[in-house]
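Below is one structure; the comments refer to it alone.
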Amino acid sequence: MNDELDNLIQRWVRPEIRELSAYHVPESGDLIKLDAMENPYCWPAELVEEWLGVLREIPVNRYPDPAASGVVNVLRDALAIPESAAVLLGNGSDELIQMIAMAISGTDRVVLAPEPGFVMYRMIGLFTGMRYRGVALNPEDFSLDMPAMREAIEREQPAVLFLAYPNNPTGNLWSKKDIRELVKLAPGLVVIDEAYEPFAEATLMDWVGDHPNLCVMRTVSKMGLAGLRLGLLVGAPAWIEELDKVRLPYNINVLTQASAEFALKHRKVFDTQTARIREQRAVVTEALRKISSLRVYPSKANFLLVRAPDGRATELFEGLKREGILIKNLSASGGMLTDCLRVTIGTPEENLALFEALNKII
Ligand SMILES: *Cc1c(COP(=O)(O)O)cnc(C)c1O
């Protein structure tokens with residue numbers, strides 16, 4: 001029986017999938033969660049009450065509005081989406097990356113992205129049978145290595161280029177001049193992934209319309225609605241119309257539609273929370289920089305990339321865990337991320353707990 005099962009798996013599951021290990025999300029239990037770029041704040045109690053009132057009215061026996069027009073309308077307003085652009089919604093921006101890949105995939109097609117970068121670009125490229133090419137960033141400041149990017153675009157003629165602005169896990173914004181040059185040079189679609197826009201105080205949303213090959217991707221996850229799973233892609237109507245063909249019907253469920261519409265009408269609450277996170281980002285940066293053995297990179301996102309002393313990243317990660325704090329250990333990714341840790345900005349209390357624990361361990 002077991003041999004038979006093995007043979008079936010060997011024969012039918014694609015070799016590149018068999019080689020993978022599944023995306024691992026660690027158990028967080030009672031730990032202070034500073035590992036996943038979540039907004040640490042809940043909603044005020046009155047808002048929760050009002051929201052429950054909205055949820056009570058939802059007919060869950062019915063399929064959702066397939067166009068999710070209510071959410072699209074509030075998003076257009078809340079995120080200042082250009083009127084001439086179209087909007088595609090995904091079950092998180094991860095699903096949008098998947099839709100883009102499915103619409104353009106082919107074994108001769110290349111997905112290109114700077115590295116270190118967001119892992120889903122590579123993963124989804126692989127899932128959809130495309131070739132993935134990463135181009136190393138400049139190791140000193142994680143800026144784009146423009147000669148290498150130009151060369152890779154020329155050589156690979158990528159069907160899609162992903163540029164996270166700011167980048168995850170390095171936290172920096174790239175020069176607009178460099179991005180503009182790459183958008184002009186790229187033969188295919190360029191997706192500007194603005195997952196961290198609420199913390200960046202920078203956006204390229206107003207470039208949509210100037211370049212036929214440019215789309216901007218956003219998500220409500222990092223601003224404080226990670227549990228809803230809602231991402232959006234903004235681009236020329238002709239692109240969005242094609243990509244929409246691979247979208248599964250009803251991909252945005254009724255609870256997400258109603259909750260996102262409700263939440264975005266109370267956007268001020270999230271603006272206040274994200275402003276507090278930006279303030280705390282400065283506090284945490286300064287406090288960690290006081291620990292002389294750590295190198296803290298500048299960040300325009302809601303996390304900090306920190307380089308631990310030689311070979312000590314895993315020890316610090318484990319030490320923090322024993323002190324009740326979960327962060328992300330990136331050291332095993334190797335390359336430029338050797339010795340690196342990623343810390344999400346928490347509440348003032350959580351951040352204080354982080355400093356105390358770090359000072360105790362180091
Ligand atoms: C977190 C993240 C996403 C994923 O967002 P979801 O909408 O939660 O799927 C996309 N891109 C980058 C760069 C991210 O860090």
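Any value given below was found using the heavy atoms of this structure, including those in side chains, with hydrogens, waters and symmetry copies removed. We're numbering straight along the sequence, starting at 1. Just so you know, ligand 1 is whichever comes first in the structure, and atom 1 is the first atom listed for that ligand.
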Discussion item. I want to know whether Tyr297 and Phe142 have ring centres closer than 6.0 Å.
Written reply: yes

Worksheet item: Counting each atom of ligand 1 from 1 as listed, which ones have a heavy atom of Gly92 under 4.0 Å away?
Response: 7 (O), 9 (O)

Worksheet item: Which atoms from ligand 1 have a heavy atom of Ser221 less than 4.0 Å away?
Response: 6 (P), 7 (O), 8 (O)

Fill in: contact_flag Arg229 ligand 1 heavy-atom lt 4.0 Å
yes

Worksheet item: What do you reckon, does Ser93 have a nitrogen or oxygen under 3.5 Å from a nitrogen or oxygen of ligand 1?
Response: yes

Discussion item. So, 4.0 Å and heavy atoms of Lys222: is ligand 1 close enough to count as a contact?
Written reply: yes

Item to complete: Over 60° means perpendicular and under 30° means parallel, so classify the ring planes of Tyr121 and Phe162, tilted if in between.
Response: parallel

Discussion item. Counting the benzene-type ring for Trp, do Tyr196 and Phe303 have ring centres under 6.0 Å apart?
Written reply: yes

Worksheet entry | Heavy atom of the protein closest to atom 11 (N) of ligand 1 (residue, atom name, distance) | Asp193 OD2, 2.6 Å

Discussion item. Does this structure show an ion pair linking Glu315 with Arg312, if we count only N-O contacts that are shorter than 4.0 Å?
Written reply: yes

Worksheet item: Can you check whether Gln10's main-chain N or O pairs, donor with acceptor, with Arg18's side chain at less than 3.5 Å?
Response: yes

Response to the item:
the protein heavy atom lying closest to atom 15 (O) of ligand 1 turns out to be Tyr196 OH, 2.6 Å

Worksheet item: Does the distance from a Lys or Arg side-chain N to an Asp or Glu carboxylate O, for Lys265 and Glu261, drop under 4.0 Å?
Response: yes

